[in-house]
Amino acid sequence: MTHGGGFDSSTRAGAVWNVVICGIICIAAPVFAVVNAGRGATYVGMAVAVTVLAVCLEVYFVRRLLAHRR
């Protein structure tokens, strides 16, 4: 991790990992909301908030990844 890897989005490898992780969260959070819908609105609200945050971060990290192509 000290030699250009890890989750630092200023490196290409880090940007790829961040895109992958945010993609997984973008899929898992709505599934969590559907599965826990019967438990109350709090669970659904948390899942919606996490999904919105993950989508925003996904866009940010994809832009960082595309910046490495130039």
K.L.:
Do we get Arg39 above Tyr43's six-membered ring, with its NZ or CZ under 6.0 Å from the centre and within 45° of the axis?
P.N.:
yes
K.L.:
Is it possible for you to say whether Leu57 and Val62 belong to one hydrophobic cluster, with membership spreading through side-chain heavy-atom contacts below 4.5 Å?
P.N.:
yes
K.L.:
Is the closest side-chain heavy-atom distance between Leu65 and Val16 below 4.5 Å?
P.N.:
yes
K.L.:
Do any side-chain atoms of residues 20-35 form donor-acceptor pairs under 3.5 angstrom with protein atoms, and if so which ones, sequence neighbours left out?
P.N.:
none

K.L.:
So, applying side-chain contact (heavy atoms from CB on, under 4.5 Å) with Tyr60, which one of Arg64, Glu58, Arg63 is it?
P.N.:
Arg64
